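Both ligands and their constituent atoms are indexed starting at 1 by order of listing. Keep in mind that what you see is a predicted model, and the values were worked out from it rather than measured.
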Amino acid sequence: MASFVSLTPSRVWKSAPSLRPVSHCSRWLQHQAHSAKRSPLAFAFDIDGVLIRGPSALPAAQRALKLLEGANPLGVKIPYILITNGGGESEDARCRKLTKLLQVDIKPTQYIQAHTILKSVVDKYADEPVLVLGGVNDTIRKVAEGYGFKRAYTTLDVLAWNPAVWPFHTLSESERASTKVLKRCSDLPHHSPQVDFSKTPIRAILVFHDPRNWALDVQVIYDVIMSRGIIGAPYIHPNEYASSPKIDLVFCNPDLVWRSDFARPRLGQGAFREAFQAVFKSFTGTTYPYIQYGKPTKATYDFATQVLTDRLAEIQGGPVHEAPSVYMVGDNPESDIVGANAAGWNSILVRTGVYDPEAGPPKHKPTMEVEDVEEAVKWAIDREMQKLRS
Ligand code: G3P
Ligand code: MG
């Protein structure tokens with residue numbers, strides 16, 4: 001019975017499919033999984049600081065994702081989704097890039113980015129003029145239009161409409177080319193009105209992705225709010241502010257910092273939000289109410305749970321009767337770990353991103369802390385095999 005003595009991780013991985021001759025015990029476990037035609041676990045992976053850093057994939061990422069394709073002791077495909085607070089382009093475009101970078105096929109049905117959840121609120125604003133922020137030039141407008149927002153404008157549109165809105169930035173050629181505005185009537189040789197912000201009441205401000213020009217964006221958000229949506233119109237009197245109807249302000253990513261390929265974490269969209277609120281408070285004495293999406297919000301984890309359930313049904317070819325154990329692998333305790341814990345998932349914290357063990361224990365306790373995503377995947381599979389065995 002030697003082969004049953006213990007299922008130490010090393011023995012299991014030594015006997016994983018296509019790595020070594022299959023031991024009696026692993027064959028039994030594989031049979032378990034196979035007969036159940038389902039994996040006892042599923043993963044949700046964060047991206048920045050877990051799978052990639054800046055423009056490059058982390059080596060452990062490609063190895064980890066390959067294990068999920070079937071080369072694991074369970075001998076089954078292990079389902080997974082990707083949940084990032086990043087964004088800035090369409091889900092399709094990002095999945096094509098990630099597929100190339102990670103060398104595994106990443107489908108839009110298994111991918112959630114910070115602003116994907118806005119698909120669920122389009123109806124509220126579909127025909128309304130909205131300001132969309134973040135990303136380069138008009139990439140975010142195109143994403144918003146792809147979601148169904150029919151009148152989405154950027155802060156570059158506002159600056160092209162009237163450069164005096166922010167005199168400290170002159171539009172570059174590519175920025176100007178990306179705008180869809182009506183220069184002041186008198187400026188246009190031929191008349192192709194697209195928008196005149198002095199006649200276009202902005203109903204909502206949607207910060208999809210990390211803004212590129214914080215100063216311009218803070219100015220325009222402040223103008224829209226204080227002028228009740230009509231840029232350039234008189235500001236709300238401070239005494240009226242509390243009673244006046246509020247323009248919806250939505251942020252899709254609360255991260256103060258995130259990990260790219262620089263040695264230290266970089267300021268994120270959450271830092272932009274705080275910068276705006278600091279300016280707003282210096283004028284009004286209060287911060288402006290806003291709707292927050294993105295990890296760790298419940299809205300985003302509920303959205304992710306639905307995406308994962310649909311993905312499982314897609315893989316299993318039918319409704320999911322028994323939910324697998326879900327493992328969230330993340331590098332940021334403030335977004336990945338606290339959110340997964342609150343969603344009742346298992347959470348694994350890696351040391352390849354924002355979280356720095358030198359800086360002391362994480363603010364939110366994960367189920368497990370490991371070096372990188374490959375170790376995370378192996379640890380979770382071992383744990384589920386222990387459960388299957390017991
Ligand atoms: O801008 C993206 C960043 O805030 C974090 O991305 O993939 O670590 O959730 P991610
Ligand atoms: Mg991350």
Side-chain angles (χ1 to χ4, degrees), residues 43-58 60-61 64-65 80-89 91 93-95 97-98 101-102 106 110-118 133-136 139-140 143 206-212 214 217 251-275 292-297 299-301 303-304 307 327-341 343 345 347-357 359 362-364 366 369-373 376:
F43 287 94
F45 294 110
D46 171 50
I47 296 183
D48 291 299
V50 171
L51 300 177
I52 72 171
R53 251 207 235 138
S56 331
L58 287 165
L65 295 179
Y80 63 92
I81 58 173
L82 279 59
I83 318 177
T84 177
N85 273 350
E89 56 194 328
E91 284 74 13
R94 189 81 198 280
C95 285
K97 287 182 184 163
L98 288 168
L101 208 52
L102 299 168
I106 304 292
Q110 62 185 138
Y111 175 72
I112 303 163
Q113 54 190 0
H115 42 76
T116 308
I117 195 166
L118 292 183
L133 289 90
V136 177
T139 49
I140 282 301
V143 172
L206 311 173
V207 185
F208 276 59
H209 187 43
D210 301 43
R212 294 316 192 252
W214 284 29
D217 291 3
F251 290 94
C252 292
N253 169 9
D255 289 350
L256 290 175
V257 292
W258 66 290
R259 188 64 194 273
S260 85
D261 50 350
F262 187 68
R264 309 298 325 143
R266 302 295 74 192
L267 295 180
Q269 191 187 126
F272 169 76
R273 182 198 66 217
E274 292 308 303
Q292 183 70 68
Y293 292 123
K295 298 172 293 182
T297 66
T300 287
Y301 276 91
F303 187 83
V307 169
Y327 289 82
M328 173 83 202
V329 184
D331 71 307
N332 188 336
E334 308 272 353
S335 59
D336 306 312
I337 304 305
V338 67
N341 292 351
W345 296 357
S347 57
I348 307 177
L349 180 60
V350 298
R351 302 187 192 109
T352 49
V354 166
Y355 167 61
D356 173 6
K363 194 166 162 207
H364 303 284
E369 182 184 322
V370 294
E371 198 47 46
D372 61 32
V373 64

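Near Gly86, meaning under 4.0 Å from any of its heavy atoms, are these atoms of ligand 1: 1 (O), 2 (C), 6 (O). Below 4.0 Å from some heavy atom of Asp255 lie the following atoms of ligand 1, by number and element: 3 (C), 4 (O), 5 (C). Against a heavy-atom cut-off of under 4.0 Å, Ile47 is close to the following atoms of ligand 1: 7 (O). The ligand atoms of ligand 1 that sit less than 4.0 angstrom from a heavy atom of Trp258 are 3 (C), 4 (O), 5 (C). In the vicinity of Thr84, heavy-atom distances shorter than 4.0 Å reach the ligand 1 atoms 6 (O), 7 (O), 9 (O), 10 (P).
Looking at heavy atoms from C-beta onward, Glu334 lies out of side-chain contact with Leu256 at the 4.5 angstrom threshold. Looking at heavy atoms from C-beta onward, Val373 lies out of side-chain contact with Thr352 at the 4.5 angstrom threshold. Within the 4.5 Å cutoff, side-chain heavy atoms of Leu267 are placed close to those of Trp214.
For the side-chain contact (heavy atoms from CB on, under 4.5 Å) with Met328, the qualifying choice from Phe43, Trp345, Phe45 is Trp345, the only one to do so. Checked options Asn332, Asp48, Asp331; the residue passing with Arg259 is Asp331 (criterion: side-chain contact (heavy atoms from CB on, under 4.5 Å)).
Gln269 does not count as a contact of ligand 1, since none of its heavy atoms falls under 4.0 Å from the ligand.
Contact annotation: for Asn253 versus ligand 1, heavy atoms closer than 4.0 Å belong to the side chain alone. For Arg259, no heavy-atom contact with ligand 1 is shorter than 4.0 Å. Residue Asn85 touches ligand 1 through backbone and side chain together, judged by heavy-atom distances below 4.0 Å. Contacts of Asp210 with ligand 1, taken as heavy-atom pairs under 4.0 Å, involve the side chain alone.
Annotation: atom 6 (O) of ligand 1 to nearest protein heavy atom, Asp48 OD2, 3.0 Å. Counting only heavy atoms of the protein, atom 10 (P) of ligand 1 lies nearest to Asp46 OD1, 2.8 Å.
Residue Lys295 comes nearest to Asp46 through the heavy atom pair NZ-OD1, 2.6 Å, listed as atom of the first residue, atom of the second, then distance.
Expressed to the nearest 10°, the angle at the Mg ion (ligand 2) joining OD1 in Asp331 with OD2 in Asp46 is 80°.
Under the 3.5 Å distance criterion, the side-chain polar atoms of Asn253 are matched with a main-chain donor or acceptor of Asn85.
Geometrically, ligand 1 and Asp336 share no nitrogen or oxygen pair separated by less than 3.5 Å. Between Lys295 and ligand 1, a contact under 3.5 Å exists for at least one N or O pair.
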